[in-house]
Amino acid sequence: MNPKVNPVISSKLLFSSSEFRNIIEGIRTLTSTLNYDELLNRILEIALTVIPLSTSGIFRLFDEKRQLLIPLAYVGNIASSLLHNTRRGESLSGKVFDDGIARIYNMNDMLDELEHLSPENQNFRNKLLTDEQYIARSMISVPVTIRGERRGTLTLHRFDDEGLFTAYDLELLKVFADQVAIAVENAKLYSEVQNVLQEVTELSGQIQENNQILQKRLEVHEALTALSLKNKGIHAIVKELNRMIKMPASFVDMLNKHSHNGNSQQIQLEFDDIAGLWDTEDHVPLTISFHEQEFYLHPVTVDKVLLGCIMVRLTGPIASMDIVTLEQSSSLFALEMIKKLSLTDIYYMETKEIFTKLLQNQNDDALMAKGVELGLDFSGYMSVSILEITGQFELYQTEINIQRLVFKLNETFNSTPHMAFGLHNQVIMLTSFPHAADAEWVKQSMERMIQEWRFSSSKYVLSAAMGTPYKGIVNIAKSNTEAQKTLHYMFSKQQSGCIQYKDIGINRLFLGQDVSEIHQFISDILGPLESTPGHSSQLEQTLHIYMSEDKIAINTAAVLGIHINTLYQRLKKIQQVLNIRFDNKDDMLKIQMAYHLKDTFNQKH
């Protein structure tokens, strides 16, 4: 009895009603699935239902960019060697895709096709031939096409000899493959739309978040700027910041080493420890454990120079909006610090003007009154000190270092009448004390200060020069000149530390001397040795060591590593060349002075 059949789209065959139902049910399932990854697996599951003889299958999609058929899904017992990328025209799937003609292959035909694989796929062939259970007895492959454009291939396998694929199965799979192409296209479009929708949703969320951040920045800016414009000061800004983030926050002023707390709970801190957290110019926010408490530190900088930091005691995770608040407030704190620097510059200018008048000995009542107001005692001894910072500075770094130095001086000499102001990379301090011997205490205090500076900052060198303490306003200019000469001497000797004018000793006689004249004097005295052919370095070295050893011949010979008679011969030659006698005091004074000046003014021996 012939089965009842219904006409289905086919050029040659009619399908049975059960087969037709399988195709219709499969199409309905495919079109109801829009998830791309899920669809790829369902295609093969339904294909095995439509073609009952099949036991496994592979669905390949063509990658336009790589020009390869890529196996995206498979079902059944398939060897991994079959899951390779295929070129157009290569193997069964490649030929089907290339010319668009569906094919049925038996085992022998398939083995023949394996002979023509590309070199990179030969290893797959070799693996497949080692295990015959993975060699299909029959195979059908059809192109997956939509609107005349081939998109991939659908391949089914039969691994036993109980039945082989027929042309009837091929037609069934062709009809199914046409619907597969439509379902894949729809799922792909749906996936693309979903991706676009997700991107739009994410973008919308980002825009909303950015709007919230912008709104928060505006709120913080308006609130804190209003306080700044009203000159409420840093303390008021800190209080407002505490209200905004609802966590204990302080501003640490690294210039004057002062902490502005916005609440009653004080934060104990070591300023040098905090400054040391940023040992490079990369000033980024930090979360640290400090005194058994977690803190969030946001640096406040201008041109890579650390002015201070906002210190927040964490009572929980810090919210992103709180970070926005801190970022925005840091610029206001930086502005306040710049204002403070500007006010300090004005104070320095006023103080410098008073100091200049004192140097000019303008002994009027108003000037005297101003000096007393600054804490000076004109009835005692007065001394001028000049402190100079040398090194490579960023913009604002000089001003900041000078302000820190002035703060340190005011802190150190709090109980001693003085006035101090910054001038470029120098700080000039006028100190008054009841006894001239008190200057030694001032020197010792400065030396300790310089030691602390050297320990905390290896990038910048601090030197201090002190003039002699004198009584009366009339001698302030003299002490200032001495301090300047001392600083010049330290520069020529490349010395740091603290030196008083009196410590320079005999060199004071030459500080104002033309350097070229000093060089000429050295050349006049020692030059003849240097012009003696073949003996200049030897004789000059011998004389230098002989003078250094207080003219003790045996010591000189030991240092030079020569026999004592050799030394006497050299000394005799030196006396002849220089026209001197070692027992002549005037001659020895000239030689000693020449070597002293040569050492002092860094001449090469």
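Side-chain atoms are counted along with the backbone in the values below, which use heavy atoms only and exclude waters and symmetry mates.
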From CG (Leu326) to CE (Met244), nearest 0.5 Å: 11.0 Å
Under the criterion side-chain contact (heavy atoms from CB on, under 4.5 Å), I'd like the reasoning laid out for Leu409 against Met449: C-alpha separation, chi angles, the key distance, then a yes or no. CA-CA 8 Å; Leu409 286 169; Met449 219 176 73; 3.5 Å; yes
Side-chain donor/acceptor pairs under 3.5 Å, residues 426-442, sequence neighbours excluded:
{"residue": "Gln426", "atom": "NE2", "partner": "Glu388", "partner atom": "OE2", "Å": "2.8"}
{"residue": "Ser432", "atom": "OG", "partner": "Asp377", "partner atom": "N", "Å": "3.0"}
{"residue": "Asp438", "atom": "OD2", "partner": "His435", "partner atom": "N", "Å": "3.2"}

For residues Thr315 and Pro248, determine if any side-chain heavy atom of one lies less than 4.5 Å from a side-chain heavy atom of the other. yes
Flag, side chain of His418 to backbone of Thr416, donor-acceptor distance under 3.5 Å: yes
Any ion pair linking Arg151 and Glu149 (charged N to carboxylate O, less than 4.0 Å)? yes
Return the minimal non-hydrogen interatomic distance between Val312 and Ala249, and the atom names on each side. CG2-CB, 4.1 Å
Hydrogens and angles aside, do Tyr348 and Gln403 bring a side-chain donor and acceptor to less than 3.5 Å of each other? no
Gap separating the CG atom of Leu61 from the CG atom of Leu72, nearest 0.5 angstrom: 5.0 Å
Can you name the salt bridge (charged side-chain N to carboxylate O under 4.0 Å, His left out) partners of Arg448, sequence neighbours left out? none
Heavy-atom closest pair (Met466 atom, Ser385 atom, distance to 0.1 Å) is CG-OG, 3.4 Å
Look at the side chain of Asp503 and the backbone N and O of Gln500, then say whether any donor-acceptor pair between them is shorter than 3.5 Å. yes
Working for ring-ring contact (aromatic ring centres under 6.0 Å, His included), residues Phe421 and Phe355: CA-CA 9 Å; Phe421 62 93; Phe355 182 74; 5.6 Å; yes
Is the closest side-chain heavy-atom distance between Ile288 and Leu297 below 4.5 Å? yes
Return the minimal non-hydrogen interatomic distance between Asn85 and Pro71, and the atom names on each side. OD1-CD, 3.4 Å
Residue pair Tyr595 / His544, side-chain heavy-atom distance below 4.5 Å: yes
Evaluate side-chain contact (heavy atoms from CB on, under 4.5 Å) for Ile323 paired with His298, printing each intermediate quantity in order. CA-CA 9 Å; Ile323 293 177; His298 191 97; 5.7 Å; no
Please test Thr390 against Ser463 for side-chain contact (heavy atoms from CB on, under 4.5 Å), starting from the C-alpha separation and ending with a verdict. CA-CA 8 Å; Thr390 55; Ser463 304; 5.6 Å; no
Heavy atoms only: give me the nearest Asn401-Trp453 pair and the separation to one decimal. O-CH2, 3.8 Å
Inter-residue atom distance Lys443.NZ - Ser383.OG, 0.5 Å rounding: 12.0 Å
Got Ile70 and Arg60 here, is their nearest side-chain heavy-atom distance under 4.5 Å? no
Taking Val384's backbone N and O only, do any of them form a donor-acceptor pair with Ser479's side chain (distance below 3.5 Å, no angle check)? yes
Residue pair Phe333 / Leu241, side-chain heavy-atom distance below 4.5 Å: yes
Shortest non-hydrogen contact between Ser330 and Val300, atoms and distance: O-CG1, 3.6 Å
Given side chains that start at C-beta, do those of Val238 and Ile310 come closer than 4.5 Å, heavy atoms only? no
Within the 4.5 Å heavy-atom criterion, are Glu336 and Ile237 side-chain neighbours or not? yes
Go through the steps for Tyr489 and Gln484 under the test side-chain hydrogen bond (donor to acceptor under 3.5 Å, both in side chains), then give the verdict. CA-CA 9 Å; Tyr489 170 77; Gln484 291 177 345; over 6 Å; no
How close do Val406 and Ala420 get, heavy atom to heavy atom, and via which atoms? CG1-O, 4.4 Å
Spacing of NZ belonging to Lys478 relative to CE belonging to Met382, to within rounding of 0.5 Å: 13.5 Å
Within the distance-only criterion (no hydrogens, no angle test), does the side chain of Gln293 pair as donor or acceptor with the backbone N or O of Leu314 below 3.5 angstrom? yes
Show me the pairs that pass salt bridge (charged side-chain N to carboxylate O under 4.0 Å, His left out) and involve residues 409-423, at least two apart or across chains. Lys408-Glu411
How many angstroms lie between atom CD1 of Ile389 and atom CD1 of Ile402, to the nearest 0.5 angstrom? 4.0 Å
Show, in sequence, the C-alpha distance, side-chain angles and deciding distance for Met446 and Leu387, and conclude whether the side-chain contact (heavy atoms from CB on, under 4.5 Å) test is met. CA-CA 9 Å; Met446 284 193 181; Leu387 295 91; 4.1 Å; yes
If we only count heavy atoms from C-beta on, is the Tyr296 to Met247 side-chain gap below 4.5 Å? no
Looking at Ser259 and Val252, would you say the former's side chain and the latter's main chain have a donor-acceptor pair under 3.5 Å? no
With rounding to the nearest 0.5 Å, note down the distance linking CZ in Phe378 to CD1 in Ile476. 6.0 Å
Salt-bridge contact Lys246-Asp322 (side-chain N to carboxylate O under 4.0 Å): no
